[in-house]
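Worksheet: the structure to be examined is printed underneath.
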Amino acid sequence: MRAVHILAVLLLLAAGATAGAEKKACHSGDEAALLAVKAAFSNASSFVSWTPDIPCCHWPGIDCSDDDGSGGTTGRVVSLAILRDDGITGAVPGDAIAGLTRLQILFLFKLPCVSGAIPAALARLSGLKELTVSRTGVSGPVPSFLGALKALESLDLSFNALTGAIPPSLGALPRLISVDLSRNRLTGRIPPLLLSKAGPQAFLSLSHNNLSGGIPPEFAAVNFEQIDLSRNQLTGDASLLFGREDDKPVLDSADLSRNALSFNMSGLRLTRRLDSLDLSHNMIYGGIPAVVANLTDLQVFNVSYNRLCGAVPAGAAARYDLYSFAHNKCLCGAPLPDPCR
């Protein structure tokens with residue numbers, strides 16, 4: 001999911017460069033805001049071609065749309081991407097970025113020397129659809145003011161140093177379908193209404209944090225396509241994520257590994273679309289459902305380090321190696337060395 005999203009942003013920027021060639025002017029307020037961003041980041045080398053003699057819609061990392069949508073000659077900045085530059089230092093210049101009043105996409109990626117908190121001024125970007133601040137030195141909480149961004153569809157704050165709880169305000173966002181808060185230092189429980197309004201598809205990654213408590217019962221009604229809750233301290237029943245075979249048709253990837261989840265796997269309903277399932281390093285009991293042997297798209301399957309018993313389904317034994325089943329209470333049969341009696 002993440003690689004596809006980054007590629008989509010890069011393609012968008014390439015398309016924007018072509019479209020920008022048709023623009024004759026750049027909105028003066030947008031140009032002033034971008035020059036303020038450049039100054040806040042100490043005129044780093046990434047901004048060497050951000051100069052007043054070139055219309056800002058032609059600047060690298062900028063995508064523009066028509067001012068009023070009617071094909072006018074003045075472009076408005078709708079996308080700002082700053083990425084892969086170790087020389088950019090300082091805090092995210094919230095006030096400067098908020099001056100881009102038509103901004104829809106903000107993409108700050110692989111800026112390890114950018115630090116400080118996510119600025120409250122970003123809440124003024126009422127049209128923002130995608131917010132990415134990833135692989136930076138940003139710290140502090142996931143701010144509750146993000147709940148004011150009613151147009152937001154995608155939130156990626158992964159690979160930072162964020163702390164504290166996930167704010168419940170994110171659950172009120174009416175268009176949010178994708179959340180990635182992985183690889184931070186978050187604590188507390190998962191908000192029960194997170195992605196509750198996502199509609200036919202939802203994407204969630206909260207891996208590599210210190211989240212605790214159970215998986216919200218409300219998640220049973222969310223149509224997850226991909227969900228990664230691995231490497232936390234989650235407890236209780238996760239079977240609600242799978243539902244009945246006919247009511248979770250879009251789920252194709254689930255990683256719940258390295259938690260303290262405990263439920264009976266025997267009755268788990270697994271959709272035929274599933275291509276990756278990792279339940280390893282939990283306290284899951286029961287047996288492996290026979291349907292696993294018939295899931296032809298299931299490329300990754302791991303239930304090692306649990307409390308499972310019974311025979312490994314014959315078809316599954318032929319497709320997955322020993323590691324996928326190792327260190328359970330009483331699993332037996334190939335590829336395990338213990339025969340079933």
Side-chain angles (χ1 to χ4, degrees), residues 1 141-150 152-158 162-265 267-271 274 276-286 306:
M1 176 181 69
V142 177
S144 60
F145 64 71
L146 295 178
L149 298 174
K150 301 303 183 183
L152 198 65
E153 299 172 2
S154 174
L155 175 65
D156 183 352
L157 303 179
S158 61
L162 299 173
T163 55
I166 300 171
S169 61
L170 296 182
L173 292 173
R175 299 181 182 179
L176 190 64
I177 64 171
S178 179
V179 174
D180 188 348
L181 303 178
S182 59
R183 303 268 181 172
N184 280 288
R185 303 169 190 170
L186 301 176
T187 55
R189 304 176 73 91
I190 300 172
L193 298 182
L194 186 64
L195 292 174
S196 60
K197 304 179 186 298
Q201 291 177 307
F203 304 85
L204 178 63
S205 181
L206 303 177
S207 68
H208 293 79
N209 280 290
N210 295 303
L211 299 171
S212 57
I215 294 173
E218 291 82 358
F219 275 18
V222 180
N223 292 313
F224 288 109
E225 183 167 332
Q226 298 176 5
I227 183 166
D228 186 351
L229 305 179
S230 62
R231 294 179 183 265
N232 281 287
Q233 301 169 24
L234 300 173
T235 57
D237 188 359
S239 62
L240 58 89
L241 295 173
F242 302 92
R244 302 185 305 274
E245 188 172 354
D246 60 347
D247 72 355
K248 293 289 182 180
V250 301
L251 183 65
D252 65 22
S253 177
D255 188 348
L256 309 179
S257 63
R258 296 181 184 273
N259 281 287
L261 299 168
S262 178
F263 59 92
N264 189 340
M265 188 178 180
L268 212 61
R269 303 291 185 179
L270 303 175
T271 174
L274 198 65
S276 179
L277 178 63
D278 191 343
L279 302 177
S280 63
H281 294 268
N282 280 289
M283 296 184 289
I284 301 169
Y285 55 93
N306 277 291

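Quick note: residue numbers are just sequence positions, from 1. Nothing here was measured: the structure is a model prediction, and the numbers come from that model.
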Sort out for me which residue in Leu211, Leu234, Asn184 forms a side chain to side chain contact (heavy atoms under 4.5 Å, CB included) with Leu206.
-> Leu211
Measuring from Asn264:CG to Ile284:CD1, what's the distance to the nearest 0.5 Å?
-> 10.0 Å
Pairwise distance CZ(Phe242) to CZ(Arg269) - rounded to 0.5 angstrom = 13.5 Å
Whether Asn223 side chain and Val250 backbone form a donor-acceptor pair below 3.5 Å | no
Is the backbone N or O of Leu279 less than 3.5 Å from a side-chain atom of Asn306, with the two atoms forming a donor-acceptor pair by type?
-> yes
Using modelled atom types only, decide if a donor and an acceptor are shared between the side chain of Asn259 and the backbone of Leu229 within a distance under 3.5 Å.
-> yes
Tell me whether the centres of the aromatic rings in Phe224 and Phe219 are closer together than 6.0 Å.
-> yes
Going through the distances and angles, do Leu157 and Val142 end up as a side chain to side chain contact (heavy atoms under 4.5 Å, CB included)?
-> CA-CA 8 Å; Leu157 303 179; Val142 177; 4.0 Å; yes
Do Leu186 and Ile166 come within less than 4.5 Å of each other through their side chains, counting heavy atoms only?
-> yes
Provide the closest heavy-atom pair for Arg183 versus Asn209 in the form atom of the first, atom of the second, distance.
-> N-ND2, 4.0 Å
Does any non-hydrogen side-chain atom of Ser257 lie less than 4.5 Å from one of Asp255?
-> yes
Inter-residue atom distance Leu193.CG - Glu218.CD, 0.5 Å rounding = 6.0 Å
Whether Ser230 side chain and Ser207 backbone form a donor-acceptor pair below 3.5 Å | no
Residue among Asn232, Asp237, Asn282 satisfying side chain to side chain contact (heavy atoms under 4.5 Å, CB included) with Leu261 = Asn282
Rounded to the nearest 0.5 Å, what separation is found between the CG atom of Leu173 and the CG atom of Leu155?
-> 8.5 Å
Nearest heavy atoms of Asn210 and Gln233, plus distance in Å | OD1-NE2, 3.6 Å
Grab the two heavy atoms, one from Ser169 and one from Ser144, that are nearest each other, plus how far apart they are.
-> OG-O, 2.8 Å
Do you know which two heavy atoms are closest between Ile177 and Gln201, and how far apart they sit?
-> CB-O, 3.8 Å
Between Lys150 and Pro174, is any pair of side-chain heavy atoms under 4.5 Å apart?
-> yes
Run the numbers on Leu268 and Phe263 for side chain to side chain contact (heavy atoms under 4.5 Å, CB included), then give the verdict.
-> CA-CA 10 Å; Leu268 212 61; Phe263 59 92; 4.0 Å; yes
Begin with the C-alpha distance, continue with both residues' side-chain angles, and end with the deciding distance and a verdict on side chain to side chain contact (heavy atoms under 4.5 Å, CB included) for Ile227 and Leu251.
-> CA-CA 8 Å; Ile227 183 166; Leu251 183 65; 4.2 Å; yes
Shortest non-hydrogen contact from Ser262 toward Tyr285 = OG-CE2, 3.6 Å
When rounded to the nearest 0.5 angstrom, what is the spacing between CG in Asp228 and CG in Asp278?
-> 9.0 Å
Output the distance between atom CD (Gln226) and atom OG (Ser205), rounded to the nearest 0.5 Å.
-> 9.0 Å
Which atom of Val222 lies closest to which atom of Leu194, heavy atoms considered | CG2-O, 4.5 Å
